[in-house]
Amino acid sequence: MFKRLFGARRNENAAIVHSIYGQIVAAARQPVLYAQWNVPDTPLGRYEMMALHMFLFLHRTRGEDGPIQDVAQDVTDEFFKDVDHSLRELGIGDVGVPKRMKKLAKMFYGRADSYGKALEAQDREALAQALYRNVFPGGTDWHEAQAMADYVMASARDLSAQPAAAIIAGNIAFLPAEHAIATGEATT
């Protein structure tokens with residue numbers, strides 16, 4: 001009985017969540033991010049791009065009421081389930097996974113806060129600095145941070161124009177990084 005009551009929403013949203021999360025993964029795996037913008041092609045670099053695109057999705061759904069919030073929560077749950085799975089694939093044992101998950105969740109929400117504040121203020125420089133700190137925490141020169149900030153700002157604008165009804169139906173499209181380069185919104 002409880003499964004029917006509490007599991008129904010999850011089953012209804014499964015195809016929608018799968019579609020949206022698939023688009024987030026595809027956006028985070030764009031070759032230009034790694035080949036041209038020099039994001040490290042490492043587990044941490046890939047996590048950063050997943051977190052960035054997850055943030056963009058949540059930024060789009062923020063402030064909306066109704067079913068989109070259920071979808072956003074389910075996509076967030078899927079993201080963290082995928083992170084958990086990835087940690088296990090990297091060989092982290094059952095004892096170490098919860099500690100790492102707590103750290104990665106804290107990292108994600110910290111990034112979401114700093115990226116969100118920069119986007120709200122339309123502060124390209126603050127966004128570039130936040131991206132730089134997170135993608136290259138060791139302080140390596142990363143000149144592509146400005147291009148990435150332009151891409152994030154253009155992506156946020158593009159996502160904001162997508163109707164909530166389409167997103168609730170599982171139809172979301174992330175701006176291709178190549179488009180941001182071609183239109184001059186992202187320059188290195």
Side-chain angles (χ1 to χ4, degrees), residues 19-64 68-69 71-73 75-76 78-80 82-83 86 104-164 166-167 171-188:
S19 175
I20 292 170
Y21 193 67
Q23 291 302 314
I24 291 170
V25 170
R29 291 182 177 169
Q30 294 180 80
V32 69
L33 301 174
Y34 305 94
Q36 291 182 345
W37 291 348
N38 297 316
V39 171
D41 194 5
T42 62
L44 190 55
R46 291 187 294 273
Y47 169 80
E48 290 298 341
M49 292 303 97
M50 285 294 298
L52 176 64
H53 289 87
M54 187 67 201
F55 157 75
L56 285 166
F57 167 72
L58 291 175
H59 184 75
R60 166 57 188 92
T61 62
R62 188 185 49 129
E64 297 270 352
I68 198 167
Q69 289 306 312
V71 171
Q73 183 60 57
V75 173
T76 302
E78 185 65 24
F79 169 67
F80 284 111
D82 191 31
V83 170
S86 295
L104 289 169
K106 185 177 178 182
M107 286 170 55
F108 174 74
Y109 288 111
R111 282 152 176 70
D113 182 56
S114 63
Y115 298 160
K117 285 177 182 174
L119 272 180
E120 291 303 313
Q122 290 295 299
D123 189 339
R124 177 182 183 250
E125 188 57 38
L127 182 57
Q129 288 175 8
L131 288 161
Y132 178 84
R133 277 191 314 273
N134 296 321
V135 176
F136 283 97
T140 304
D141 284 334
W142 186 44
H143 303 288
E144 295 83 358
Q146 296 293 328
M148 184 70 75
D150 290 341
Y151 165 70
V152 171
M153 293 179 91
S155 295
R157 282 191 305 273
D158 186 65
L159 287 169
S160 72
Q162 296 179 33
I167 295 169
N171 301 317
I172 189 168
F174 285 87
L175 185 67
E178 290 87 358
H179 173 77
I181 293 169
T183 60
E185 293 187 57
T187 57
T188 55

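When a residue number appears, it is its place in the shown sequence, counting from 1.
Between T61 and A72, the shortest heavy-atom distance links the atoms OG1-CB, 3.6 Å. Across all non-hydrogen atoms, the minimal contact from A177 to V32 is CB-CG1, 2.9 Å. What you find for N38 and E144 is that their closest heavy atoms are ND2-OE2, 2.6 Å. The heavy-atom pair separating A156 from L119 by the smallest distance is CB-CD1, 3.8 Å. Looking at every heavy atom in both residues, Y34 comes nearest to G45 through OH-O, 4.3 Å. Across all their heavy atoms, F174 and L56 have their closest contact at CE2-CB, 4.1 Å.
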Decide yes or no on side-chain contact (heavy atoms from CB on, under 4.5 Å) for I24 and F79, but give the supporting numbers first. CA-CA 9 Å; I24 291 170; F79 169 67; 6.0 Å; no

In sequence, state the C-alpha distance, the side-chain angles, and the governing distance for V152 and L131, and then conclude on side-chain contact (heavy atoms from CB on, under 4.5 Å). CA-CA 10 Å; V152 171; L131 288 161; 4.3 Å; yes

Steps toward side-chain contact (heavy atoms from CB on, under 4.5 Å) verdict (N171, Q162): CA-CA 9 Å; N171 301 317; Q162 296 179 33; over 6 Å; no

Kindly indicate, with the supporting measurements, whether the criterion side-chain contact (heavy atoms from CB on, under 4.5 Å) is fulfilled by M49 and R29. CA-CA 8 Å; M49 292 303 97; R29 291 182 177 169; over 6 Å; no

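No donor-acceptor pair under 3.5 Å is formed between the side chain of E64 and the backbone N or O of Q69. With hydrogens and angles disregarded, a donor-acceptor distance shorter than 3.5 Å links the side chain of W142 to the backbone of W37. Of the possible donor and acceptor atoms, one in the side chain of N134 sits under 3.5 Å from a partner among the backbone N and O of A130.
Atom-to-atom distance recorded for M54:CE and D82:CG is 10.5 Å, nearest 0.5 angstrom. The CE atom of M148 sits 11.0 Å away from atom CG of D150, with the distance rounded to the nearest 0.5 Å. Distance check, rounded to the nearest 0.5 Å: CG of L175 to OH of Y151 gives 6.0 Å. Atom CD of Q146 is separated from atom OH of Y132 by 11.5 Å, given to the nearest 0.5 angstrom. Rounding to the nearest 0.5 Å gives a distance of 5.0 Å between CZ of R60 and CD1 of I68. Within the model, atoms OG1 of T76 and OH of Y21 stand 10.0 Å from one another, a figure rounded to the nearest 0.5 Å.
For Y115, the ring pair (Phe, Tyr, Trp, His ring centres under 6.0 Å) criterion is met by F55, not counting sequence neighbours. The salt bridge (Lys or Arg N to Asp or Glu O under 4.0 Å) check on R62 picks up E120, with sequence neighbours excluded.
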Tabulate below the donor-acceptor pairs under 3.5 Å that side-chain atoms of residues 107-114 make, not counting sequence neighbours, or state none.
from	atom 1	to	atom 2	distance (Å)
R111	NE	E48	OE1	2.8
R111	NE	E48	OE2	3.1
R111	NH1	M107	O	3.1
R111	NH2	E48	OE2	2.8
D113	OD2	K117	NZ	3.3
S114	OG	G110	O	3.4
S114	OG	R111	O	3.2

